[in-house]
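The structure appears right after this line, and notes come after that.
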Amino acid sequence: MDYKKLASLLFSHVTETPEETEARFPRRNLPEGAKVTRIAPSPTGFVHFGNLFPALVSERLAHQSGGIFLLRIEDTDEKRKVEGAVELILSAFRHYELGFDEGALANEEGFGNYGPYYQSLRAHVYHVFAKQLVEQGLAYPCFCTHEELEASHSAQEAAKVTPGYWGEWATCRDLSLEEIEEKLASGMSYTLRLKSPGKPGGRIRFTDTIKGDLELDENFTDAVLLKSDGIPTYHFAHAVDDHLMRVTHVVRGEEWLSTLPLHVQLFDLLGFRRPKYVHIAHLMKRTEDGGKRKLSKRHDPEAALSFYQESGYPVEGVREYVMSVLNSNFEEWRRANPALDMKEFPFSIKKMSASGALFDLNKLDDISKNILALRSAEEMYNDLLAWAKTYDAEFASRLEQDPAYAKAYLGIGRGGEKPRKDFARLSELPQAMAFFYDDLYKVEDELPENEAVRADAREILSRYSALYSADDDRDTWFDKIRTMGEEMGYAARPKDYKQNPDAFRGHVGDISAVLRLAVTGRKNSPDLYDVMQVLGYERVANRLNQDLF
RNA sequence: GGCCCCAUGGUCAAGCGGUUAAGACACCGCCCUUUCACGGCGGAAACGGGAGUUCGAUUCUCCCUGGGGUCACCA
């Protein structure tokens with residue numbers, strides 16, 4: 001077989017040599033030890049929460065070492081392409097502060113010297129190397145139809161042999177040049193397959209950065225390199241792109257472990273130096289029956305990255321949660337360095353777990369609560385407003401209508417040694433703060449169980465409303481409540497009541513409970529004095545004077 | 001099913017041949033407290049099973065079991 005002739009037959013349009021192509025993607029001039037990483041999503045219109053893991057690992061690895069973090073769009077599958085998907089990807093990564101040094105932009109080839117960063121725009125590059133493989137007798141056209149492939153696949157299953165295009169099943173492998181010319185002339189479409197030098201039973205050794213030493217079956221199937229439309233499969237594109245873009249560390253999910261033998265083989269056959277692989281374990285989700293599975297786009301709302309933005313989880317909360325799963329010593333570091341930027345944390349591949357973690361919403365909530373608790377009222381207002389503008393326009397307009405008022409109630413319990421930690425996500429705020437607005441205020445809880453208190457509720461309100469004054473400081477404010485309670489037969493201290501319940505109708509806490517219910521409509525609230533201060537005299541007086549109980 | 005990965009409390013996990021087997025989240029109790037939240041103290045809770053190596057295995061090896069992944073002209 002004259003491979004040269006076959007190659008020029010198949011790739012007459014390719015004028016560049018591999019050497020020339022290599023020259024267009026020169027070795028990067030980076031400091032010693034600098035890592036080049038990439039994140040390579042498919043524009044499917046859905047950004048998975050799990051994408052954050054390899055992304056954060058890649059970003060940290062690159063930027064911690066003075067290297068390059070790039071974005072490449074793997075849009076080689078026409079069927080899965082979705083309009084606007086790249087914008088979605090871009091905005092998601094921007095939101096989570098994963099800044100790219102080069103890569104794709106929406107509707108553009110991208111920025112940087114190793115583009116284009118859309119695989120669909122790189123066909124000519126892949127063809128250079130495809131042609132080279134054909135010339136070397138390492139790739140050949142395959143004219144098999146889907147039906148034929150399916151048939152041989154089921155035959156293989158019936159015969160219990162490894163499925164795939166290999167051995168006697170690789171019917172196009174040894175086509176003569178004449179046969180190929182004939183088929184081409186008749187207009188048959190074809191894929192370009194690798195002529196794998198691997199043998200069944202062969203083994204390869206490999207070291208993964210996380211998993212360690214692996215011994216895997218050698219690839220011996222003739223995988224498709226170029227689809228019939230001339231666009232490469234993931235495998236071929238991965239080898240060519242990651243080599244040409246001079247990527248040093250390929251960070252991806254462990255589902256790629258099974259195709260690693262093919263990838264390694266491609267790098268070797270193409271004469272490329274193998275990158276380091278970092279296969280990270282999947283984030284799992286507990287199932288109803290107690291098992292585990294991958295977080296699923298179909299079944300789990302939290303699988304979508306957009307879920308966290310909609311919920312109003314703080315960006316740092318999500319980032320820190322992901323980091324704490326990635327490097328378990330992160331939490332310890334964070335406690336020791338509460339004020340440092342997360343980027344100061346010495347992230348380490350070695351600390352990454354080889355096993356898949358179960359998604360833990362509790363943990364995320366805890367981390368988020370701690371972060372939101374440290375926000376100032378001003379910061380909280382800004383965050384909340386930004387969130388509400390896209391997810392709760394009604395609330396946003398309330399915030400904008402009276403920013404000072406909003407900041408006042410957002411400031412309750414903030415600052416100081418023990419800030420309140422009651423919110424994990426911003427989406428909890430509109431509901432929690434509703435009672436600060438008269439039109440949203442309503443009594444939604446019940447009076448205390450205590451019969452005497454229920455009977456006295458009306459009187460408590462009317463007596464207190466006569467005593468209430470705008471300029472009471474915290475102590476006089478509470479003195480009034482306590483004294484009033486005592487006059488009505490309520491213990492000044494809950495302890496006194498507990499020790500001798502028969503001597504009192506209730507205790508000062510019960511008085512507060514009634515007032516709290518009238519003022520906030522709820523049985524639980526932040527500090528009542530603070531709340532009343534923020535609400536202001538008029539609102540409070542109105543609520544106290546309602547005909548409530 | 002073949003191949004591969006994984007395996008310490010409910011969850012995330014320290015540990016890397018000898019430990020009373022850390023810590024965090026969640027849970028429970030007590031304290032603080034006019035409610036809630038916070039905070040403090042305490043509690044329950046783990047090395048999947050079996051061989052082997054060794055004076056000694058959570059730690060090393062093998063087998064089993066269990067969980068997960070993958071077997072496309074999808075990535």
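By convention in this document, chain letters (A, B, ...) are assigned in the order of the sequence lines, proteins followed by strands, and residues within each chain are numbered from 1.
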Spacing of the [atom1] atoms in [M] and [N] (rounded, Å):
{"N": "rG67(B)", "M": "rU8(B)", "atom1": "C1'", "value": "16 Å"}
{"N": "rG29(B)", "M": "rC36(B)", "atom1": "P", "value": "13 Å"}
{"N": "rC74(B)", "M": "rA13(B)", "atom1": "P", "value": "34 Å"}
{"N": "rG50(B)", "M": "rC55(B)", "atom1": "P", "value": "22 Å"}
{"N": "rA45(B)", "M": "rG10(B)", "atom1": "P", "value": "11 Å"}
{"N": "rG23(B)", "M": "rU61(B)", "atom1": "P", "value": "29 Å"}
{"N": "rC47(B)", "M": "rG66(B)", "atom1": "C1'", "value": "16 Å"}
{"N": "rU58(B)", "M": "rG9(B)", "atom1": "C1'", "value": "14 Å"}

Rounded to whole angstroms, how far apart are [atom1] on [X] and [atom2] on [N]?
{"X": "Phe220(A)", "N": "rG2(B)", "atom1": "CZ", "atom2": "P", "answer": "15 Å"}
{"X": "Leu257(A)", "N": "rG2(B)", "atom1": "CG", "atom2": "C1'", "answer": "16 Å"}
{"X": "Lys350(A)", "N": "rA14(B)", "atom1": "NZ", "atom2": "P", "answer": "15 Å"}
{"X": "Leu214(A)", "N": "rC3(B)", "atom1": "CG", "atom2": "P", "answer": "16 Å"}
{"X": "His235(A)", "N": "rC73(B)", "atom1": "NE2", "atom2": "C1'", "answer": "10 Å"}
{"X": "Met352(A)", "N": "rA14(B)", "atom1": "CE", "atom2": "P", "answer": "13 Å"}
{"X": "Leu358(A)", "N": "rG67(B)", "atom1": "CG", "atom2": "P", "answer": "14 Å"}
{"X": "Lys297(A)", "N": "rA75(B)", "atom1": "NZ", "atom2": "P", "answer": "15 Å"}

Describe the nucleic acid contact of [X] in one word from base, sugar-phosphate, nothing, applying a heavy-atom distance below 4.0 Å.
{"X": "Ser353(A)", "result": "sugar-phosphate"}
{"X": "Arg193(A)", "result": "sugar-phosphate"}
{"X": "Lys211(A)", "result": "sugar-phosphate"}
{"X": "Arg335(A)", "result": "sugar-phosphate"}
{"X": "Ser228(A)", "result": "base"}
{"X": "Glu157(A)", "result": "nothing"}

> Which residue lies toward the 5' end of RNA chain B, Phe359(A) or Arg80(A), if each is placed at its nearest nucleotide?
Replying inline: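 Nearer the 5' end of the strand: Phe359(A).
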>> If you assign Ala357(A) and Ser189(A) each to the RNA chain B nucleotide with the nearest heavy atom, which residue ends up on the more 5' nucleotide?
In response: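 Its nearest nucleotide lies further toward 5', so the answer is Ala357(A).
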Between [X] and [Y], does at least one N-O distance fall below 4.0 Å, as a salt bridge requires?
{"X": "Asp530(A)", "Y": "Arg414(A)", "answer": "no"}
{"X": "Arg334(A)", "Y": "Glu332(A)", "answer": "no"}
{"X": "Asp241(A)", "Y": "Arg38(A)", "answer": "no"}
{"X": "Arg205(A)", "Y": "Asp213(A)", "answer": "no"}

> Side-chain contact, heavy-atom cut-off 4.5 Å: Asp366(A) with Tyr321(A)?
Replying inline: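 No, too far: nothing below the 4.5 Å cut-off.
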Nearest-nucleotide pick for [X], side chain only, options being [options]:
{"X": "Val224(A)", "options": "rC73(B), rA24(B), rA26(B)", "value": "rC73(B)"}
{"X": "Ser42(A)", "options": "rA75(B), rC25(B), rC3(B)", "value": "rA75(B)"}
{"X": "Leu216(A)", "options": "rC4(B), rC73(B), rU11(B)", "value": "rC4(B)"}

>> Go through it in stages, so that I can follow the logic: the residues are Tyr529(A) and Phe478(A), the test is ring pair (Phe, Tyr, Trp, His ring centres under 6.0 Å), and I'd like the CA-CA distance, side-chain angles, deciding distance and then a yes or no.
In response: CA-CA 8 Å; Tyr529(A) 177 75; Phe478(A) 191 57; over 10 Å; no
> Under 6.0 Å between the ring centres of Trp256(A) and Tyr234(A)?
Replying inline: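 Centroid distance Trp256(A)-Tyr234(A): below 6.0 Å, so yes.
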>> For Phe267(A) together with His238(A), are the ring centres under 6.0 Å from each other?
In response: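 Yes, the ring of His238(A) comes within the 6.0 Å limit of the ring of Phe267(A), centre to centre.
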> For Arg420(A), which residues count as a salt bridge (Lys or Arg N to Asp or Glu O under 4.0 Å) partner, sequence neighbours excluded?
Replying inline: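 Once residues adjacent in sequence are excluded, the partners of Arg420(A) under the salt bridge (Lys or Arg N to Asp or Glu O under 4.0 Å) criterion are Asp422(A).
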Side chains of residues 187-194 of chain A: which donor-acceptor pairs under 3.5 Å do they make with residues two or more places apart or in other chains?
residue   : atom : partner   : partner atom : Å
Arg193(A) : NH1  : Asp222(A) : O            : 2.7

> Which atom names give the shortest non-hydrogen contact between Arg522(A) and Ala434(A), and what distance separates them?
Replying inline: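 Shortest heavy-atom contact: NH2-CB, 3.9 Å.
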> Which heavy atom of Thr76(A) sits nearest a heavy atom of Pro232(A), and at what distance?
Replying inline: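 Thr76(A) and Pro232(A) have their closest heavy atoms at CB-O, 3.5 Å.
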> For Phe46(A), is the NZ or CZ atom of Lys297(A) found under 6.0 angstrom from the centre of its six-membered ring and inside 45 degrees of the ring axis?
Replying inline: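 Yes.
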> According to a strict under-4.0 Å criterion, is Arg203(A) in side-chain N/O contact with OP1 or OP2 of rC4(B)?
Replying inline: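 For Arg203(A), the contact criterion (side-chain N or O under 4.0 Å from OP1 or OP2 of rC4(B)) is met.
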> Does Ser355(A) make a side-chain N or O approach to OP1 or OP2 of rC5(B) shorter than 4.0 Å?
Replying inline: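 Ser355(A) to rC5(B) OP1/OP2: no side-chain N or O under 4.0 Å.
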>> Strictly by salt bridge (charged side-chain N to carboxylate O under 4.0 Å, His left out), give each pair with a member in residues 351-363 of chain A just once, sequence neighbours left out.
In response: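 Residue pairs passing salt bridge (charged side-chain N to carboxylate O under 4.0 Å, His left out), neighbours aside: Glu331(A)-Lys363(A).
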Show the distances under 3.5 angstrom between N or O atoms of the protein and N or O atoms of nucleotides 69-71 of chain B.
residue : atom : partner   : partner atom : Å
rU70(B) : O2'  : Ser258(A) : OG           : 3.1

>> Return a single string for nucleotides 33-43 of chain B, one symbol per nucleotide in 5' to 3' order, where B is base contact, S is sugar-phosphate-only contact and - is none, cutoff 4.0 angstrom on heavy atoms.
In response: -BBBBBS----
> Reading RNA chain B 5' to 3', what string of ( ), [ ], | and . shows its pairs, if Watson-Crick and G-U wobble pairs count only when both distances fall under 3.5 Å?
Replying inline: ((((((((.[[[..)..(....]]].(((((.......)))))....[[[[[..)....]]]]])))))))....
